[in-house]
Amino acid sequence: MGDDWMAPLPVRRVRRSDDATLAPGQWPATLAPVAHVLEHGLELSQATVVVGENGTGKSTFVEAVATAYGLSPEGGSTGARHSTRVSESPLAESISLVRGAGAARWGYFLRAETMHGLFTYLEDNPSPRGETRFHELSHGESFLAMLGSKRFDSEGFFVMDEPEAGLSFNAQLALVGAMIQLVSQPGVQVLIATHSPVVASLPGATILEFDEDGIHERAWDDLDLVEHHRRFLEAPERYLRHLRYE
Ligand SMILES: Nc1ncnc2c1ncn2[C@@H]1O[C@H](COP(=O)(O)OP(=O)(O)OP(=O)(O)O)[C@@H](O)[C@H]1O
């Protein structure tokens, strides 16, 4: 983590906004982790990793925080305005971000499921410095090229939703290496939703597990995600035997 601990974080806290319209029985407030944020608020660390089973609300949460920060819900920077399909939840309009005084306003949102559209947008709207031809790279290559670009070399708030999708083990390790570099700079903050034990291992990150009871801070070693991978790799048959039909 950045050794200048006084550097202000772009997003210190997420809380219900004063003019929130989301009713308790209305999706996504029906998801326990979202209800937790609306009721109690949530502090974000310099690096926060969100894990949890499918459908627990990880994407809904990170997308709403990214959108409330001013990032396009389909990915991109604070300036990107591309949109192919409106699928974001009403949560962004019902939360407020408590920003660190004087913190950077720059940011970038990367999500595997919309990267194709983002790359098309970037090719159609190239930066003045020139643009990598992302569509000519593999998914993993383009992802790592994006992380190595100017977009990720300054202070700001960087949000990623399942960045491991399509990345090999080595590419996931490279991603963690890039994250370590990124958060070694004061004023950089990352928020990542992931199913990958490799990505979740980002040193120094606060890990939040989402489940049907709400949000729990956990150590990496104690995550179900890690335990399942560990046990599966030790003896795949332990799991596979439950999947076979007699
Ligand atoms: N517009 C919507 N209206 C009602 N429910 C929705 C809507 N969009 C998504 N959901 C549901 O909300 C739940 C949370 O979805 P979300 O994508 O945030 O989960 P997730 O934890 O990111 O899951 P995954 O790990 O599979 O990506 C899911 O059960 C999903 O089906």
Side-chain angles (χ1 to χ4, degrees), residues 9-17 20 22-69 71 73-75 87-98 107 109-114 157-165 167 172 175-176 179 183 189-232:
L9 293 180
V11 180
R12 288 169 35 216
R13 185 172 170 77
V14 184
R15 64 171 183 85
R16 185 184 178 91
S17 62
L22 199 58
Q26 187 188 349
W27 184 86
T30 47
L31 299 167
V34 171
H36 175 106
V37 173
L38 293 172
E39 196 175 333
H40 306 289
L42 186 70
E43 308 283 330
L44 294 188
S45 305
Q46 193 194 2
T48 305
V49 172
V50 180
V51 301
E53 281 297 330
N54 291 128
T56 47
K58 302 179 301 299
S59 295
T60 302
F61 172 70
V62 299
E63 178 186 284
V65 174
T67 308
Y69 188 79
L71 303 168
E74 296 201 16
S87 63
E88 64 269 27
S89 78
L91 181 58
E93 288 158 13
S94 287
I95 55 171
S96 288
L97 306 182
V98 180
F109 184 23
L110 275 186
R111 55 190 331 181
E113 65 184 48
T114 55
F157 184 51
F158 301 97
V159 184
M160 295 184 200
D161 189 12
E162 299 187 13
E164 69 274 13
L167 298 190
Q172 290 188 41
L175 167 66
V176 174
M179 292 293 109
V183 295
Q189 186 174 21
V190 297
L191 171 64
I192 307 170
T194 186
H195 288 291
S196 162
V198 178
V199 174
S201 73
L202 177 62
T206 298
I207 305 179
L208 302 176
E209 192 165 53
F210 280 24
D211 66 17
E212 61 283 355
D213 295 326
I215 300 179
H216 316 275
E217 186 172 337
R218 301 254 193 254
W220 182 85
D221 244 346
D222 298 335
L223 293 175
D224 283 351
L225 164 73
V226 171
E227 183 59 12
H228 281 310
H229 276 83
R230 205 178 258 146
R231 287 170 60 82
F232 182 85

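Note that the OG atom of S45 and the CD1 atom of I207 stand 10.5 Å from one another [nearest 0.5 Å]. Note that CD1 of I192 and CE of M179 are 5.0 Å apart. Values are rounded to the nearest 0.5 Å. Atoms CZ and OG, from R16 and S96 in turn, are 10.5 Å apart once rounded to the nearest 0.5 Å. Taking CG of D211 as the start and NE2 of H216 as the end, the distance is 3.5 Å to the nearest 0.5 Å. Taken from CD in E209 to NZ in K58, the straight-line distance is 10.0 Å, to the nearest 0.5 Å.
At least one side-chain heavy atom of W27 sits under 4.5 Å from a side-chain heavy atom of P90. Within the 4.5 Å cutoff, the side chain of Y69 has heavy atoms near those of the L97 side chain.
The pair R111-E74 does not count as a salt bridge, with every side-chain nitrogen at least 4.0 angstrom from each carboxylate oxygen.
Using modelled atom types, one side-chain atom of E164 and one backbone atom of H195 make a donor-acceptor pair closer than 3.5 Å. Between the side chain of S94 and the backbone N or O of L91 there is no donor-acceptor pair closer than 3.5 Å. Without hydrogens or angle criteria, Q189 side chain to V11 main chain gives a donor-acceptor distance under 3.5 Å.
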Next on the checklist: Between L31 and F210, is the side-chain contact (heavy atoms from CB on, under 4.5 Å) condition met? List the steps.
Outcome noted: CA-CA 10 Å; L31 299 167; F210 280 24; over 6 Å; no

Checklist entry - Stepwise, does the side-chain contact (heavy atoms from CB on, under 4.5 Å) test hold for L42 with I215? => result CA-CA 9 Å; L42 186 70; I215 300 179; 4.2 Å; yes

Checklist entry - Taking it one step at a time, do L9 and L44 satisfy side-chain contact (heavy atoms from CB on, under 4.5 Å)? => result CA-CA 9 Å; L9 293 180; L44 294 188; 6.0 Å; no

Item to check | Working for salt bridge (charged side-chain N to carboxylate O under 4.0 Å, His left out), residues D224 and R230 | outcome: CA-CA 10 Å; D224 283 351; R230 205 178 258 146; over 6 Å; no

Next on the checklist: Using the rule given for side chain to side chain donor-acceptor pair (under 3.5 Å), can you reason through S59 versus D161, listing the C-alpha separation, both sets of side-chain angles and the distance that settles it, and then say yes or no?
Outcome noted: CA-CA 6 Å; S59 295; D161 189 12; 3.0 Å; yes

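Dense packing is recorded around CD of E227, with more than 12 heavy atoms of other residues, nucleotides or ligands lying under 6.0 Å away.
Taking each heavy atom of L38 and A29 in turn, the nearest pair found is CD1-CB, 3.9 Å.
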